[in-house]
Amino acid sequence: MRLYARPYAGQMLVMLATALLAVAAAISIPLVIRRIVDGPVTHGDRSALLPLAALALVLGVVEASLNFTRRWIQGTSTLGMERDIRDVLYRHLQSLPPAFHDRWLSGQLLSRLTSDLSAVRRFFGFGLIFLVANVATFAAICTLLVRIDVFLGLVVTASLVPIGFLCARFHHQFSGVSRRVQDQTGDLASRVEEAAQGIRVVKAFGRRRHIVDQYTADSTEVRGTQLEKVRIRAGFASVLDVIPNATLGVVLVLGALAVGSGRISLGDLVAFITLALQLVWPVEALGFILASAQEAGTAAQRVFEVLDTEPEIASPAVPVPLTGPDGGPPVGRVRFEGVGYRFPGSDRDVLHDIDLELEPGETLALVGTSGSGKTTLAMLLPRLADATRGRVTIDGHDVRDVALPDLRTVVATAFEEPILFSASVRENVTLGRPDATDADVEAALDLAQARFAHDLPWGLDTRVGEQGMSLSGGQRQRLALARAVLGRPRVLVLDDPLSALDVETEALVEEALRRVLAATTAVVVVHRPSTVALADRVAFLRDGTVEAVGTHADLMATNHAYAEVMGDPATVVVPGQSRREEVRR
Amino acid sequence: MSAPTKAPSGADWRGVAAEHTENVSSTVAGLLRGRSRRLLGSLLAPHRRTLWVVLGLVVVQNLASLAGPYLIGAGIDRGIPPLLRGEGGGTLAVVGVAFAVATGLQVLTQRTFMLLTGRIGQDVVLDLRTRVFEHFQRLSMAFHEDYTSGRVISRQTSDVDAISEFLDGGVDAVVRALLSIVGIGVTMLLLDVPLAIVGLASFVPLFALTLWFRRESATAYRTTREAVAMVIVQIVETLTGIRAVQAFRREPRNEEIFAALNERYRAASQKSFSLMAVYGPGMKLISNVTIALILFYGGTRVLDGELGVGVLTAFLLYLRRFFDPLQDLAQFFNALQSATAALEKLSGVLEEAPSVPDAERPRALPAPRGAVRFDAVSFGYKEKVVLPGLDLHVPAGQTVALVGATGAGKTTIARLLGRFYDPVEGRVLLDGVDLREVEEHDLHRAVVTVTQESFLFSGSVADNIAFGRPGASRGDIEEAARRIGAHEFIAALPEGYDTDVRKRGGRLSAGQRQLVSFARAFLADPAVLVLDEATSSLDIPHERLVQSALRTILADRTALIIAHRLSTVEIADRVLVLSDGRVVEDGPPHELAAGTGPYARLHHAWRQSLHRTGAA
Ligand SMILES: Nc1ncnc2c1ncn2[C@@H]1O[C@H](COP(=O)(O)OP(=O)(O)O)[C@@H](O)[C@H]1O
Ligand SMILES: Nc1ncnc2c1ncn2[C@@H]1O[C@H](COP(=O)(O)OP(=O)(O)O)[C@@H](O)[C@H]1O
Ligand SMILES: [Mg+2]
Ligand SMILES: [Mg+2]
């Protein structure tokens, strides 16, 4: 926290100074008034009236300007700090691996980026300043009081004891609830997000009532926790407010006794009381300030839980350049060496003992039933996950030794669920390769049979994605494919790339892909026999490991389970010749 | 988007239309303000009685706190002298007890007051939350496609937060401030009329300043709400697509976009802070100047012998207490402005009428048979016509497959049948009843759609399947999973049916998600089942399982199946070939396959694709 506050420390100090000076001005105005009333007015001194009134005016203007300065700086400094942390947090979230994002509800992350940061900002702009200013005021006034009368001054100072006790108890009770409210609000935000993103399903099943009831139940829970918070605050504030007043009562009585016994003068007592009255607001404000401090504290805790999560997948401190065998550009020899993978928090390996080697330019199909780990295995190449055992290499370099941007420039990926951003078609396709020429884009769109993009209202400048045109699943998939093949990456990962295409389009895309794949090392996740034709070899995944590797024809002939996954009794499969006859492993 | 300039009767400020607009004309601003005030009023209406109680409490509390000083004074004047004279502390004890009672009363009333206002605030927030949430769910797909989920989220998080902040803070201060301003104003008039007039004249500049602040801050807060919405939209989009962000190194570009949006949000907030920096201290300045003026004017009058010193002293003391609460009022007004901007957005959402409205006088569909008819239906999303006039009759119990090139309009037909949209012309009928006259709940008990995007909610597998029929028993849930071959993998999950599938079902593979969404649809047991490329991510064995399950499940129900794999189409009784929104061929699959039409060609291409396997 201190790190983010540092650039604004100077401004904070100015805010604090103006707050203290404004308090001083506010205290001195009544003093001036007293001087005027007791002096010139009572004694009929007309000539002194004007300068003293002018002094009151000047003090009034000074107080207002100090307030203005403090608030103005508050706007520039604390909002700047909030923005800085939000930028840092956003950047950090982008660097955390998909495994992290799978574990966290996005509403929880969103509430950290928004309401939690605002709570922290509010404290720095107001709570912290007045906490310090009020403590200073309290100390100053108590000192003055003790100087007027030691005994009465100590009585006032002693009121600190119950105040301290109350604050401690409040701290104890409040921080738990404050955290709970923030967590529950984050969950509520997650519900909102799910309901918004899953609206089609809700509508398809007509489950509005159901989902509204769920949301109402959750909101009611938040309301309950909020009320608990209100109860604690009410208990604290109502008792706290009494302390300064009760202290004043005690002081008055004791003071009257002292005056009666002649220990102090009546004038002293009046001065004492006037001064002590200035203590009421700082104490009363404590309730509000402490609550804000607590909320900021738990909010900062929540923010730092995320900021302190180290990205498990990051560029190494000293990355090696991703070069080919002769020191030139990489050729794309890919090896999986004894690779195993276990999801965080899981107690079994999804993948184990995987050994595969892809020659430069070779295409390997990954085949297996749903849930056999094809996607998981494919994602190890662009390091969207890191193998928990063994290693994955490209041209002999462990992918973990290479700088992430280098690796992800060499490896291009198309996901099973196409993701488009709210940007133009062109920007979506050239994602990650801003140096691509128009001709490259055309070639990629041609290949992916995505020429429909030219017919969109603004052609390739049409904005798509959530904030743009709605496209059909097949259209999205083709754009995602165009993006992956753009600029002929050395290594290509295609996860079930043709699932949403109709038969004719699929045939055309396959035809075009074949040309690209001839020169590119590729891992293609495949469900259909037709798509297997793209591959030189097939790796059959079963029970978390590669059960067999070979040409489609070989596996059909030798592996019963494979034939079952690929075979279709409605069809007589004509075994064809494969481009690469040798069988490895 | 340009500022709407039309007369208020124009439709361009209604609903969410003015959301992107920052500088609205004053007429529109007034209308928007009125709309938010009405919403606030309707939210507070149920609490009218409690609000009176709250007001009473404030009065009692103020009296109790005023009693304190009075009692102390009494104690000193009448309690202490007898004590000093050694006549016993009886009077002092009475005063002491009264003081304790007053203090107790103060604690009690303040506590009750805080609890009550807290309760009202929370109830209002809860009411608002559920109203907005439900309304978003009611709004049609056409709205959601334009509005984006990020905005939906921002309305329900940051806007609601702005309102709850307003309700949280300062309401008590305001009531107290208003009370003391009125009370002291009257007292000052009683004390001395000329001085009081000078004091009250300060309300003229105060009022002008407030008007200025109101106008400027309304714009500033409107901008802030919009800016924070854009920040949230960007966050949601990044988090949703994090895999693609990372794989395609979009991080730097995203950072750029985010930094710009974040800075815009900061600048917008700073604008409102700056306005407040002028407004609050401005009020202070006016009050301080007034005090100095009265000091001088009053002092002169005392010197002229027109006024007693005591009166002036009292007047000055009251004057300060008169002006002090103004700061609280300024603070409150500021929070109110911020909340009004948020209410403006939310009331806009609530004002949006669903383009697929609920039936006004719904007709019951107690036992739907599932006869579907498209009666001269034309439809287009925006300007472009997708279906130029479709006539189609599907008798109850028939399984119909829709085939055709991408963009032919297959999904559109499925959406019309599921009433995600209403036709522009013509009618879609179920058992002879226009879908527009069927109650939503009835309609979706009868018609269920499964799409390619198998969205799952975070929560257990069982809960997700039970979404098809809330309240279904575990036995029914397992049975549905068994029928489509999902039981094996579910049972193998660490906690079986109770395994949390996580956000959007991320704990499962794509194929597994599709199986769960199938199970969900089967459990719903609809009369009409619509499958839109619902098997695209399944492996062949699972696809076969689903197909054989479909054969039995669809035996006695109507089905509309859209699939690229003709293997799925072959279970249909009838195939419709669609081209540019028109049915170009219609008949049983085997007959069409044997013919020479478009389906025969498709069928041939598909057989070819199967044979292509493994060939070079
Ligand atoms: N976050 C996770 N934690 C634990 N298991 C997971 C997680 N995500 C996926 N799995 C499991 O890992 C297996 C492999 O998934 P995946 O690689 O997506 O399969 P597919 O071969 O269909 O692409 C599945 O059984 C799935 O249930
Ligand atoms: N939400 C939408 N907004 C605007 N246009 C759409 C939308 N959905 C589909 N379209 C357009 O309508 C036409 C028909 O689409 P669709 O029914 O999805 O075809 P199919 O399912 O046969 O591939 C296409 O040109 C498509 O681009
Ligand atoms: Mg997969
Ligand atoms: Mg479609």
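Protein chains get the first letters and strands the later ones, always in sequence-line order, with residue 1 at the start of each.
In this structure, the portions of B:Phe457 lying under 4.5 Å from any heavy atom of chain A include both its backbone and its side chain. Both the backbone and the side chain of B:Leu115 come within less than 4.5 Å of a heavy atom of chain A. For A:Ser472, the part sitting under 4.5 Å from any heavy atom of chain B is the side chain, from C-beta outward, and nothing else. The contact between B:Thr157 and chain A is made entirely by side chain atoms (from C-beta outward), counting heavy-atom distances below 4.5 Å. Neither the backbone nor the side chain of A:Leu52 has a heavy atom closer than 4.5 Å to any heavy atom of chain B. When heavy atoms are compared at a cutoff of 4.5 Å, A:Thr376 does not approach chain B at all. Contacts of A:Thr216 with chain B are made by both backbone and side-chain atoms, with heavy-atom separations under 4.5 Å. The contact between A:Leu57 and chain B is made by backbone and side chain atoms together, counting heavy-atom distances below 4.5 Å. For a residue to count as touching a neighbouring chain, one of its non-hydrogen atoms must lie under 4.5 Å from one of that chain's; by this rule B:Gln106 touches chain A with the side chain only. For A:Thr114, the part sitting under 4.5 Å from any heavy atom of chain B is the side chain, from C-beta outward, and nothing else. Contact annotation for A:Phe421: both backbone and side-chain heavy atoms come within less than 4.5 Å of a heavy atom of chain B. With a 4.5 Å cut-off on non-hydrogen atoms, B:Val107 touches chain A through its backbone and its side chain both. With a 4.5 Å cut-off on non-hydrogen atoms, B:Thr300 touches chain A through its backbone and its side chain both. Interface residue A:Arg483: backbone and side-chain heavy atoms are both found under 4.5 Å from chain B. Only the side chain of A:His210 comes within less than 4.5 Å of a heavy atom of chain B; its backbone N, CA, C and O stay farther away. Within the 4.5 angstrom heavy-atom criterion, only backbone atoms of A:Leu96 (N, CA, C, O) approach chain B. In this structure, chain A has a heavy atom under 4.5 Å from the side chain of B:Tyr265, while its backbone stays farther away. Only the side chain of A:Leu113 has a heavy atom closer than 4.5 Å to any heavy atom of chain B. For B:Leu443, no part lies under 4.5 angstrom from a heavy atom of chain A. Using a 4.5 Å cut-off between heavy atoms, B:Ser458 contacts chain A through both its backbone and its side chain. Residue B:Val450 does not touch chain A at all, counting heavy-atom pairs closer than 4.5 Å. When heavy atoms are compared at a cutoff of 4.5 Å, A:Thr220 approaches chain B by way of both its backbone and its side chain. The contact between B:Ala510 and chain A is made by backbone and side chain atoms together, counting heavy-atom distances below 4.5 Å. Using a 4.5 Å cut-off between heavy atoms, B:Arg502 touches chain A through its side chain atoms alone. The contact between B:Asp161 and chain A is made entirely by side chain atoms (from C-beta outward), counting heavy-atom distances below 4.5 Å. The contact between B:Ser536 and chain A is made by backbone and side chain atoms together, counting heavy-atom distances below 4.5 Å. Only the side chain of A:Phe415 comes within less than 4.5 Å of a heavy atom of chain B; its backbone N, CA, C and O stay farther away. Of the atoms belonging to A:Thr69, not a single heavy atom falls under 4.5 Å from chain B.
For the pair A:Met566 and B:Asp539, the minimum side-chain heavy-atom distance is 4.5 Å or more.
In this structure, B:Phe420 and B:His444 have tilted ring planes: the angle between them lies in the 30° to 60° band.
Qualifying salt bridge (Lys or Arg N to Asp or Glu O under 4.0 Å) partners for B:Arg445, counting only residues two or more places apart in sequence or in other chains: B:Asp442.
Among residues at least two apart or in separate chains, salt bridge (Lys or Arg N to Asp or Glu O under 4.0 Å) pairs with a member in residues 192-203 of chain A are A:Glu193-B:Arg504, A:Arg200-B:Glu145.
Ranked by non-hydrogen atom pairs under 4.5 Å with chain B, the options A:Arg223, A:Gln74, A:Arg208 are led by A:Arg208. Contact count against chain B (heavy-atom pairs under 4.5 Å) is highest for A:Thr76 among A:Thr76, A:Leu59, A:Leu404. Among A:Gln226, A:Arg207, A:His101, the residue with the largest count of heavy-atom pairs under 4.5 Å with chain B is A:Arg207. Listed options A:Leu79, A:Val212, A:Val230, A:Val61 were ranked by heavy-atom pairs under 4.5 angstrom with chain B; first place goes to A:Leu79. Most heavy-atom pairs under 4.5 Å with chain A, from the set B:Gln452, B:Glu134, B:Arg507, B:His441: that is B:Glu134. When each of A:Ser346, A:Ala195, A:Ala56, A:Gly465 is scored by its heavy-atom pairs under 4.5 Å with chain B, the top score falls to A:Ala195.
More than 12 heavy atoms of other residues, nucleotides or ligands sit less than 6.0 Å from atom CZ of B:Phe455. Remark: B:Arg119 CZ is loosely packed, at most 12 non-hydrogen atoms of other residues, nucleotides or ligands lying under 6.0 Å away.
Annotation: the span from A:Phe343 atom CZ to A:Arg348 atom CZ amounts to 12.0 Å, rounded to 0.5 Å. Rounding to the nearest 0.5 angstrom, the gap separating the CE atom in B:Met141 from the CZ atom in B:Arg419 is 14.5 Å.
At distances below 3.5 Å, not a single donor-acceptor pair connects side-chain atoms of B:Arg266 with backbone N or O atoms of A:Arg83.
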